[in-house]
Structures are given as C-alpha cells and as structure tokens.
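For ligands, and for the atoms within them, numbers begin at 1 and follow the listed sequence. Every heavy atom of this structure was used, including side-chain atoms; hydrogens, water molecules and symmetry mates were not. This structure is a prediction, so every number in the text was calculated from the model and none was measured.
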Amino acid sequence: MPVEEFVAGWISGALGLVLGHPFDTVKLLGFFKGMSFPIASIAVVNSVLFGVYSNTLLVLTATSHQERRAQPPSYTHIFLAGCTGGFLQAYCLAPFDLIKVRLQNQTEPRAQPGSPPPRYQGPVHCAASIFREEGPRGLFRGAWALTLRDTPTVGIYFITYEGLCRQYTPEGQNPSSATVLVAGGFAGIASWVAATPLDVIKSRMQMDGLRRRVYQGMLDCMVSSVRQEGLGVFFRGVTINSARAFPVNAVTFLSYEYLLRWWG
Ligand SMILES: CN(C)C(=N)NCCC[C@H](N)C(=O)O
C-alpha cells in the first residue's frame, strides 16, 4: 500500500490548519486557543482522508497517483473513493472533534482572580473528564452525525477538485499552481456548504450530555432544532465555514500535489 499519500495528507493538513485556525477560534468565541492539539489531530485525520482516498482509487482503477493525469479515473470512482475516505476519517476525527467542540463552547471566562477554574483545562483533561463522566462511548458522542456529514461531502470535495482541475488543464498535463489553489478552495467551499446542516446537528449532539441529555437521538435533535429555530438553523455558520474552507483547502491541495510530485 503506497504510504506517500498518507504522509502528504499529514503535512498538507497541518499547513492548511495553520491558515484555518483563526477562523476556527472565532467561530465560537471560547477557550480553544492552543495550536498543538489541532495540528496533531488534523494531521492524523487528513493523512487518513488522503491516504484512504488515493489507495481506494488505486484499488478501483489500478492507477497510481502519478498515472492518474494520463489515465483519469471516472467521476463515479472519484466519488466512491472520496466517500470511503470520508467515512474512515470520520471515525478517527470523532474524539478529536468532540474535544474541540467542548473546548470551543466553554464559555467560562479565562481565569480571573477568584473565578472558578474552567470545567476542562485543556484537551487531555477534557478527554479524561469525558471518559470518566460519560464512559468510553462518550468520546464518540455525535460520531453518527459526523459520519453522515463526512461520507458524501468528502465525495463532493474530491469531485469538485478533480472536475475543476480537468476543466482548466490541458489533457495529460499537471494542473498549474493557480488551478490547484482555485480548485482546492472551491472544493472546500462546495463540501462545507453541503456539510453545514449536519455540522450544526453534530455539534449539538456533541454538547448534549454535558449537563443533562436534551435529545433522544439525531432525528430528535433535527426536529426540535427546526421547530424552535426554523429551517435557517441548518445554515448556521455557512458563511464562516466557507470563508475558512477556501484558504485552508487551497493550501492543503497545493502542498499535497507538490509533495507528491516532488517525491514522485
Ligand atoms: C466535512 N467536510 C466538508 C469535509 N470533511 N471536507 C473535506 C476536508 C475538509 C478539510 N479538512 C477542512 O477542514 O476544511
């Protein structure tokens, strides 16, 4: 199994994250300020995403990453490989994403003289507290919604990227840096616009259980969110998700492509 794609995914995910971090921090004003935890987690998750995508395409089409410009895979194969990558990354992402959401939503003010310490004092403390208070399964709270969010939308991510690259690249050639940047940016936006409704539900499921359980399950969360806030609830955060997605995924795809060309 070729491993370069896993390593390239690892490095490119970390680079994309550095650009995306300010957006992640303002999305929910909170306590989540450090970089080491998100870098470590996104690197692992992106490595699984790109590694599984590329190796699934290898199984489906018998072409390596280097051969794919001369023998482009069909969009059906790209979509299926993307969905497989999205499905597997969701399971690796689930505990990291839960910790991120819990820390971001922590609204207690930063330590002021006399104020009680925040409930979670950092990522490791947060993981240990969830494990202790909600059990090992607690670390996977919201994983179903995350899987439903990521499986089709990562398919959309790779289809958009490949479609735009093919549109603006002469046959058989590698896309230019500008094309990779634009295609990567729009792939990020397309996938996040599609992912936002389930992203809202996922975050609510992850916060559920912190004090008392509010929702019976994912469907109940959807229905009560729409009842209380209207259909607009599914588009909450779509603008900031898209604004973050363009630079993050432009840089992710550019570094991924260049690392593979450099090693290839
Ligand atoms: C849930 N969605 C939209 C995705 N997983 N999209 C594909 C990768 C996105 C990239 N790691 C990012 O953080 O923007």
Side-chain angles (χ1 to χ4, degrees), residues 5-6 8-28 32 35 37-54 56 78-94 96-98 100-101 104 142-164 180-203 205-206 234-257:
E5 284 90 348
F6 285 97
W10 180 290
I11 298 172
S12 59
L15 290 174
L17 175 104
V18 173
L19 275 180
H21 190 64
F23 292 93
D24 262 334
T25 310
V26 296
K27 214 167 142 180
L28 291 152
F32 190 62
M35 286 291 280
F37 172 73
I39 285 194
S41 58
I42 199 74
V44 173
V45 168
N46 223 55
S47 151
V48 170
L49 176 65
F50 279 86
V52 171
Y53 167 73
S54 197
T56 308
I78 293 172
F79 184 71
L80 288 176
C83 291
T84 312
F87 181 82
L88 289 176
Q89 78 132 24
Y91 268 87
C92 302
L93 178 61
F96 294 119
D97 193 63
L98 176 72
K100 175 178 128 170
V101 168
Q104 279 181 327
W144 251 114
L146 188 67
T147 310
L148 285 181
R149 183 196 78 173
D150 285 8
T151 303
T153 57
V154 173
I156 293 172
Y157 181 63
F158 283 109
I159 286 239
T160 311
Y161 175 71
E162 273 300 322
L164 288 172
V180 171
L181 281 171
V182 172
F186 279 108
I189 292 185
S191 68
W192 273 106
V193 168
T196 296
L198 274 165
D199 188 55
V200 173
I201 300 303
K202 177 225 42 125
S203 301
M205 297 294 298
Q206 287 171 324
F234 288 137
F235 299 96
R236 193 157 289 171
V238 72
T239 313
I240 189 124
N241 284 348
S242 306
R244 172 195 165 279
F246 193 93
V248 168
N249 292 289
V251 165
T252 298
F253 271 106
L254 189 71
S255 41
Y256 177 75
E257 289 281 355

Chemist: Atom 14 (O) of ligand 1: which protein heavy atom is closest, and how many Å away?
Modeler: Trp192 NE1, 2.9 Å
Chemist: Does the side chain of Asn46 reach to within under 4.5 Å of the side chain of Trp10, using non-hydrogen atoms?
Modeler: no
Chemist: Quick one: which ligand 1 atoms are inside 4.0 Å of a heavy atom on Arg149?
Modeler: 1 (C)
Chemist: Just to confirm my output: which protein heavy-atom neighbour is closest to atom 11 (N) of ligand 1, and how far is it?
Modeler: Asn46 OD1, 3.8 Å
Chemist: Under 4.0 Å from a heavy atom of Ala195: give me the atoms of ligand 1 that qualify, with their elements.
Modeler: 1 (C), 3 (C)
Chemist: Considering the heavy atoms of Gln89, write down every atom of ligand 1 situated less than 4.0 Å from one of them.
Modeler: 5 (N)
Chemist: Would you call the rings of Phe253 and Tyr256 parallel, tilted or perpendicular, taking 30° and 60° as the class edges?
Modeler: perpendicular
Chemist: Main chain of Thr252, side chain of Ser255: is a donor-acceptor contact present, judged purely on distance under 3.5 Å?
Modeler: yes
Chemist: Treating Ser54 as the side-chain partner and Gly51 as the backbone partner, does any N or O pair qualify as donor plus acceptor under 3.5 Å?
Modeler: no
Chemist: Mind listing the closest non-hydrogen atom pair of Arg236 and Val200 along with its distance?
Modeler: O-CG2, 3.6 Å
Chemist: Establish, from distance only, whether the side-chain atoms of Tyr157 and Asn249 form a donor-acceptor pair under 3.5 Å.
Modeler: yes
Chemist: Ignoring hydrogens, just give me the one of Tyr157, Phe253, Phe158, Phe246 whose non-hydrogen atom is nearest atom 7 (C) of ligand 1.
Modeler: Tyr157
Chemist: Looking only at protein heavy atoms, which one is nearest to atom 1 (C) of ligand 1, and how far off is it?
Modeler: Asp150 OD1, 3.0 Å
Chemist: Which one of Leu93, Thr153, Ile156, Thr196 has a non-hydrogen atom at the shortest distance from atom 2 (N) of ligand 1?
Modeler: Thr153
Chemist: Taking side-chain contact (heavy atoms from CB on, under 4.5 Å) as the criterion, tell me which of Ile240, Asp199, Thr153 meets it with Trp192.
Modeler: Asp199
Chemist: Any idea which part of Asp199 is under 4.0 Å from ligand 1, heavy-atom wise: side chain, backbone, both or neither?
Modeler: neither
Chemist: Taking all heavy atoms of Glu162 and all of Tyr53, pick out the closest pair and write down the distance.
Modeler: CG-OH, 4.3 Å
Chemist: Taking heavy atoms and a distance under 4.0 Å, where does Ala245 meet ligand 1: side chain, backbone, both or neither?
Modeler: neither
Chemist: Considering only the protein, which heavy-atom contact is closest to atom 4 (C) of ligand 1, and what is its distance?
Modeler: Val154 CG2, 4.0 Å
Chemist: State yes or no: are the ring centers of Tyr161 and Phe186 separated by less than 6.0 Å?
Modeler: no
Chemist: Heavy atoms only, cut-off 4.0 Å: how does Asn249 contact ligand 1, side chain, backbone, both, or neither?
Modeler: side chain
Chemist: Any idea which protein heavy atom is nearest atom 13 (O) of ligand 1, and the distance to it?
Modeler: Arg244 NH2, 2.8 Å
Chemist: Please list the nearest protein heavy atom to atom 6 (N) of ligand 1 with its residue and the distance rounded to 0.1 Å.
Modeler: Ser191 OG, 3.5 Å
